[in-house]
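See structure below.
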Amino acid sequence: MPDDSRLTESEFLAIRTLVYDRFGINLTDQKRNLVVGRLQKVLRIHHFSTFGEYLDFLNADTSGEALSDLIDRISTNHTFFFREPEHFRFMTAVALPLLSRTLAERHERDLRIWSAGCSSGEEPYSIVMTLQMFFGHAYKQWTAGVLATDISAHVLRHAARGIYPLERLAKTPADIRARYFEPVDADTIRVKPEVQADVTFRRLNFMSESFPFKKPFHIIFCRNVMIYFDAPTRAALMKKFYDVLAPGGYLLIGHSESLGRDSVYFDYVQPAVYQRKP
Ligand SMILES: C[S@@+](CC[C@H](N)C(=O)[O-])C[C@H]1O[C@@H](n2cnc3c(N)ncnc32)[C@H](O)[C@@H]1O
């Protein structure tokens with residue numbers, strides 16, 4: 001159990017304000033123990049005896065590395081392959097048939113998907129596998145791919161390697177395991193290169209003023225990220241997603257999250273699935 005007596009009220013407030021202002025993450029009072037638990041190690045590494053010294057170090061750092069390390073430690077990165085399978089069924093049964101038909105009618109073959117808050121990569125790789133299974137032999141005729149972004153440099157490094165402990169595949173159907181993964185050793189498995197090749201990983205902070213994309217996306221996955229944000233931060237993010245989605249494009253959020261049914265920017269389709277208004 002972390003010793004939270006070492007973190008004073010004003011130090012907690014300073015960390016909380018910094019994390020909120022820079023990353024949008026809302027560290028409520030209940031997260032106090034989590035903050036102590038996750039930052040204790042960094043105090044040890046730098047031989048700081050108080051959180052005050054750590055805050056001075058954070059404020060003096062101009063390289064951005066200390067802040068990057070802070071977010072790596074604070075953010076929750078839990079994820080696994082084919083999490084919330086209803087979304088992958090929706091892609092196959094509804095979104096991909098509709099989007100591919102509409103694009104093909106316009107003689108376009110460029111289907112763009114964004115995994116926003118991709119963590120260690122299980123989500124974007126699951127999306128590519130779903131695309132490859134849906135299109136089959138025709139997949140080569142599409143420039144379909146997934147942009148996968150996260151704030152944490154640490155998870156992105158893991159994601160790019162594409163190597164995972166077997167337990168991350170607990171919810172992955174056996175045929176998909178056999179087709180898209182290869183064993184590394186008894187406990188570890190690797191995503192096949194043809195899946196890896198279609199995911200581009202980039203670091204991106206949702207708090208950026210605007211997103212640097214030239215072309216709109218057809219589907220955005222932003223799942224189990226907004227639970228860490230408060231209502232104003234979520235509302236600002238919705239507007240930014242609206243701006244980078246093609247009309248009629250889909251926004252998929254976590255099943256424990258909600259946009260409500262009267263969003264200005266999105267129509268409700270089914271639980272955790274929304275469609276951009278025209
Ligand atoms: C719980 S994971 C969700 C992973 C995956 N989408 C899923 O549903 O399994 C949440 C991710 O959001 C990222 N995140 C949190 N705040 C962020 C921000 N301000 N900008 C970008 N990513 C952020 C975290 O680093 C973390 O990897």
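All ligand and atom numbering here is 1-based and tracks the order in the structure.
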Starting from the N and O atoms of ligand 1, find every protein N or O within less than 3.5 Å and list the pair with its distance.
unit_1, atom_1, unit_2, atom_2, d
ligand 1, 6 (N), Gly117, O, 2.9
ligand 1, 6 (N), Glu123, OE1, 2.9
ligand 1, 6 (N), Arg223, O, 2.9
ligand 1, 8 (O), Arg83, NH1, 3.4
ligand 1, 8 (O), Arg223, O, 3.1
ligand 1, 8 (O), Asn224, ND2, 2.8
ligand 1, 9 (O), Thr79, OG1, 2.5
ligand 1, 9 (O), Arg83, NH1, 2.7
ligand 1, 19 (N), Phe23, O, 2.8
ligand 1, 19 (N), Asn205, OD1, 3.0
ligand 1, 20 (N), Phe206, N, 2.9
ligand 1, 22 (N), Ile151, N, 3.3
ligand 1, 25 (O), Ser75, OG, 3.3
ligand 1, 25 (O), Asn77, ND2, 3.4
ligand 1, 25 (O), Asp150, OD1, 2.6
ligand 1, 27 (O), Asn77, ND2, 2.9
ligand 1, 27 (O), Asp150, OD1, 3.4
ligand 1, 27 (O), Asp150, OD2, 2.7

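Checked options His255, Glu257, Glu84; the residue passing with Asn224 is Glu84 (criterion: side chain to side chain donor-acceptor pair (under 3.5 Å)).
Taking the side chain as every heavy atom from C-beta outward, Leu39 and Arg73 approach each other to under 4.5 Å.
By the side chain to side chain donor-acceptor pair (under 3.5 Å) test, Asn26 is found to be paired with no residue, residues two or more places apart in sequence or in another chain being considered. With sequence neighbours excluded, no residue forms a side chain to side chain donor-acceptor pair (under 3.5 Å) with Glu194. Applying the side chain to side chain donor-acceptor pair (under 3.5 Å) test to Glu209 and every residue at least two apart in sequence or in another chain returns nothing.
By the 6.0 Å and 45° rule, Arg276 stacks over the aromatic ring of Tyr242.
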